[in-house]
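Here is the structure we will look at.
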Protein chains: 2
Amino acid sequence: MPTREPSETRILSVASEHLRQFGLKRFTVVAVAEEAGMTHANVYRYFPSRGALIDAVVDVWLKTTERRLADIADGPDPAADKLERLILALAKGNRDLLSEDPHLFAALSQAVAKRHAISRRNRTRVRALFERVIDEGIASGAFEPRDRDRAIAFVIDATHRFIHPAALALEADVPQASVDARLATLIRVALRVLETGII
Amino acid sequence: MPTREPSETRILSVASEHLRQFGLKRFTVVAVAEEAGMTHANVYRYFPSRGALIDAVVDVWLKTTERRLADIADGPDPAADKLERLILALAKGNRDLLSEDPHLFAALSQAVAKRHAISRRNRTRVRALFERVIDEGIASGAFEPRDRDRAIAFVIDATHRFIHPAALALEADVPQASVDARLATLIRVALRVLETGII
DNA sequence: ACAATGACAATTTACATAATTTGTAATTTG
DNA sequence: CAAATTACAAATTATGTAAATTGTCATTGT
């Protein structure tokens, strides 16, 4: 007989599937427990609350995209290339989630809006990746901003519209090609700004 | 005896006061009519629906700030100065509304989120002011973008975070001075980008 | 000791129904 | 005739209650 998947991971994967299928409102601990082959009380051995279980599902997705971003940031390419790919990957990741998995996107949006710990920590780590790449660009001489902190804030503020879930949801019906073109312009300008010491 | 304020304006000012005090959810046509000294049916002589009345209140505010923006755009100053003041006035107007009148801000946010006609038209007119000032800057030689449409989209996208109600609401608890500093940086950079033909 | 359960209280949600509000139209008033 | 009202249907919201879910804990089984 096959070794059964440990309870915690089984709960998590069932919960993930339920959240995708039914959305936040119709997501119940009872139904998840049943499908995972246990009573709901046992779920509470592994997750302290319904909200914590939902956060755990969102966190899995956040961590997955974080790894993709970290791979980019850790690569051997020039800082400018890496910063561009970092921004594009973040924007595309969130945008694809919105179109391919609206329920999970809604859960992510709520976690961000309500400033859950998972989203605050994700934000901190993603910001750290941006900082690392920009610092690397400064060290290599590719970027020459007059104020490093200001430069980082500028990049994050300027790209906000294409990265933040709440902003992305506003443009759900704008043709993707048009959004892509505007983002490409913004990135090109931001890189030039960092390179030329305008900031 | 004093000539009574005409019904339509009286309804509108009572409605404005009720919206500010009670918010969208507790705003009723019946209560507005009562305070305006008439039955609710008579309100429908002037406004076709509850939603239209709320939109009219929001529209008064939008038009007021539009006039302020138009005054800036019509002024005799250099285009760069006017563009800076345009962005600052828009950002400050929305931000002050958020802190001083959260209920009206919520009504505005909803009108924007649901793409009501009033907000779409406001957006179009405000965008036209931006276009006018940028075109003026191009005509005077102050701005030299390689692509005029791209430049306009860039300015609007980059400042989105400080102007759009949904984005402003996210930063309600960030110290205003810090937000102001970041916006000042963004504006300075945007102007330099327009001036130097980076875009 | 650890995973899981059954039983149970607290909380939330679903649902039926009452009350209110929205919106329309015929009628009244000045 | 323009402004307003009364009267009423339709739609929405409030309220009370049943049902389900969330969360706790003592107990069971391994």
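Below, read A as the first sequence line, B as the second, and so on, with proteins coming before strands; counting in each chain starts at 1.
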Between [N] atom [atom2] and [X] atom [atom1], what is the distance in whole Å?
| X | N | atom1 | atom2 | value |
| --- | --- | --- | --- | --- |
| A:His40 | C:dA7 | NE2 | P | 13 Å |
| B:Glu35 | C:dT21 | CD | P | 15 Å |
| A:Arg10 | C:dA4 | CZ | C1' | 11 Å |
| A:Leu53 | D:dG23 | CG | P | 10 Å |
| A:Glu8 | C:dC2 | CD | C1' | 14 Å |
| B:Phe47 | C:dT21 | CZ | P | 20 Å |
| B:Asn42 | C:dA25 | CG | P | 16 Å |
| A:Tyr44 | C:dT5 | OH | C1' | 15 Å |

In terms of side-chain heavy atoms of [X], which of [options] is nearest?
| X | options | result |
| --- | --- | --- |
| A:Arg45 | C:dT22, C:dA4, D:dA3 | C:dA4 |
| B:Thr28 | C:dT22, D:dT22, D:dA3 | C:dT22 |
| B:Val30 | C:dT22, D:dA4, D:dG23 | C:dT22 |
| A:Thr39 | D:dT5, C:dG6, D:dT22 | C:dG6 |

- Compare side-chain N and O positions of A:Tyr46 against OP1 and OP2 of C:dA4 and report whether any pair is under 4.0 Å apart. yes
- Item | Phosphate OP1/OP2 of D:dA3 contacted by B:Ser7 side-chain N/O (<4.0 Å) | no
- Message: Taking pairing as Watson-Crick or G-U wobble with both contacts under 3.5 Å, can you name the mate of D:dA18, or confirm there isn't one?
- Response: C:dT13
- Query: Just wondering, are more than 12 heavy atoms of other shown residues or ligands nearer than 6.0 Å to CZ in B:Arg188?
  - Reply: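 More than 12 heavy atoms, drawn from other residues, nucleotides or ligands, come within 6.0 Å of this atom.
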- Item | First of A:Met38 and B:Arg50 reached from the 5' end of DNA chain C, by closest nucleotide | A:Met38
- Message: Taking A:Arg148 first and then A:Glu131, would you say they form a salt bridge - that is, a charged N and a carboxylate O separated by under 4.0 Å?
- Response: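 Yes, A:Arg148 and A:Glu131 are salt-bridged.
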- Message: Less than 4.0 angstrom from a charged side-chain N to a carboxylate O is my criterion; do B:Asp81 and B:Arg85 meet it?
- Response: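 No, no charged N to carboxylate O under 4.0 Å.
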- Query: If you measure from CD1 on A:Ile87 to CG on A:Leu186, what distance do you get to the nearest 0.5 Å?
  - Reply: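 Going from CD1 on A:Ile87 over to CG on A:Leu186, the span is 7.5 Å.
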- Query: Regarding A:Ser16 and A:Arg20, is there a side-chain donor-to-acceptor distance under 3.5 Å anywhere?
  - Reply: yes
